Amino acid sequence: MSRIYVLASLPPGAGKTTTALLLERHFLGQDLRVACLQQNKGGQSDVHTYLSAGCCHYTVPLEATKSREAFERWAPRGGYDVLIMEVTYPYTPFGAPYLIPFDAFNEVVPFEARADWKSFVFTKTLGYWKEYPSDTNFDPTELWDTVHDRTVQTIVTKIPSPLDGPASIPGGSSIIRRGLSATPSSRG
């Protein structure tokens with residue numbers, strides 16, 4: 001199985017797609033075969049961005065999230081060395097399942113939201129969820145622990161000036177300049 005890098009965050013503007021494209025370019029520079037993946041979501045607005053950049057792009061169906069084995073059965077064939085998967089709204093019922101097959105993921109946090117990321121997530125997710133009247137009582141705090149019940153590596157994007165090294169984020173995480181998590185899963 002290919003190495004898989006999972007990037008998760010809230011749209012718009014967190015930097016997931018930019019991070020995925022930079023990571024794809026990095027691995028291509030190492031002569032590795034790379035495919036970019038996204039969850040199946042309405043609109044697919046980033047597909048154009050990926051295809052314009054010349055990426056091999058695949059949309060992951062919900063059925064592939066049942067287990068690691070289901071994901072591996074679905075995963076694109078073609079000798080890819082690296083898969084980069086982007087998950088949008090990981091704290092909602094349609095985003096969280098895409099993290100289930102993995103023991104680790106990279107959480108993309110914009111610099112301006114880093115001080116109180118959890119509150120930012122809840123406010124932004126609730127604002128988005130109001131557009132779905134089928135479940136107006138949805139509470140993203142219910143999924144926070146489920147999503148964070150795995151290794152989470154924080155990637156802070158849109159930093160206004162270069163860092164000399166990792167810096168602390170409230171809550172014990174650190175700002176990561178390089179070294180994304182790519183770990184196989186034993187989740188079933």
Side-chain angles (χ1 to χ4, degrees), residues 4-20 23 36-47 49-50 58-68 70-71 74 83-159 168-176 180-183 185-188:
I4 302 170
Y5 294 85
V6 180
L7 306 172
S9 194
L10 304 174
K16 281 187 317 299
T17 302
T18 300
T19 301
L23 193 56
C36 294
L37 316 174
Q38 283 187 301
Q39 74 199 61
N40 190 4
K41 59 183 182 176
Q44 296 294 332
S45 58
D46 294 330
V47 172
T49 304
Y50 281 106
Y58 297 87
T59 300
V60 181
L62 186 59
E63 295 79 13
T65 68
K66 291 179 182 176
S67 65
R68 180 62 178 221
F71 182 84
W74 172 86
L83 301 174
I84 303 167
M85 184 166 155
E86 184 179 340
V87 177
T88 302
Y89 281 114
Y91 302 101
T92 64
F94 61 81
Y98 287 88
L99 297 176
I100 288 172
F102 307 103
D103 284 333
F105 74 97
N106 301 281
E107 187 164 47
V108 180
V109 177
F111 183 81
E112 64 276 0
R114 78 196 184 290
D116 194 3
W117 176 241
K118 193 172 187 178
S119 176
F120 181 85
V121 165
F122 296 158
T123 301
K124 190 105 167 157
T125 302
L126 282 172
Y128 176 79
W129 199 255
K130 288 178 184 176
E131 298 177 23
Y132 292 89
S134 62
D135 187 4
T136 55
N137 294 323
F138 169 71
D139 180 1
T141 61
E142 295 171 7
L143 288 175
W144 180 268
D145 290 337
T146 300
V147 168
H148 280 256
D149 183 28
R150 55 197 31 71
T151 302
V152 179
Q153 175 120 346
T154 303
I155 303 169
V156 175
T157 58
K158 303 183 178 195
I159 299 171
S168 178
I169 290 181
S173 298
S174 62
I175 296 174
I176 305 301
L180 302 173
S181 295
T183 58
S185 174
S186 58
R187 293 182 184 270

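From a predicted model like this one, the values you see are computed outputs, not experimental measurements.
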* Asked: How would you list, by chain and number, every residue that makes a side chain to side chain contact (heavy atoms under 4.5 Å, CB included) with Ala20, sequence neighbours excluded?
  -> Leu7, Tyr50, Ile84
* For the student: nearest non-hydrogen atoms of Phe111 and Val156, plus distance -> CA-CG1, 3.7 Å
* Heavy-atom side-chain contact between Phe71 and Val60 under 4.5 Å -> yes
* Got Glu107 and Val109 here, is their nearest side-chain heavy-atom distance under 4.5 Å? -> yes
* Atom CD of Gln153 and atom CZ of Phe105: how far apart are they, to the nearest 0.5 Å? -> 11.0 Å
* **Validation row: Val121, Leu10 side chains within 4.5 angstrom (heavy atoms)** => yes
* **Close side-chain approach of Pro93 to Leu143, heavy-atom, < 4.5 Å** => yes
* Structure fact -> The side chain to side chain contact (heavy atoms under 4.5 Å, CB included) partners of Thr157 (sequence neighbours excluded) come to Thr19, Val108, Pro110, Ile155
* To do: Please report the shortest heavy-atom distance between Pro101 and Arg68, naming the atom on each side.
  => O-CD, 3.6 Å
* To do: Classify the angle between the aromatic ring planes of His148 and Tyr91 as parallel (below 30°), tilted (30 to 60°) or perpendicular (above 60°).
  => parallel
* Asked: CG of Leu23 to OG1 of Thr18: how many Å apart, nearest 0.5 Å?
  -> 12.0 Å
* Structure fact -> Scanning both residues in full, the closest heavy-atom pair of Thr17 with Glu86 reads OG1-OE2, 2.8 Å
* Structure fact -> Taken to the nearest 0.5 Å, the spacing of Ile100 CD1 from Ser67 OG works out to 10.0 Å
* Any Phe94 side-chain heavy atom under 4.5 Å of Gln39 side chain -> yes
* Asked: Of all heavy-atom pairs between Thr65 and Leu62, which one has the smallest distance, and what is that distance?
  -> OG1-O, 2.7 Å
* Would you call Trp117 and Thr154 a side-chain contact if the rule is heavy atoms closer than 4.5 Å? -> no
* side-chain contact (heavy atoms from CB on, under 4.5 Å) partner of Val87, the single match among Val147, Leu99, Leu37 -> Leu99
* Heavy-atom closest pair, residues Trp74 and Ala64 -> CB-CB, 3.7 Å
* **Results of ring-ring contact (aromatic ring centres under 6.0 Å, His included) for Tyr89 - residues two or more places apart only** => Tyr128
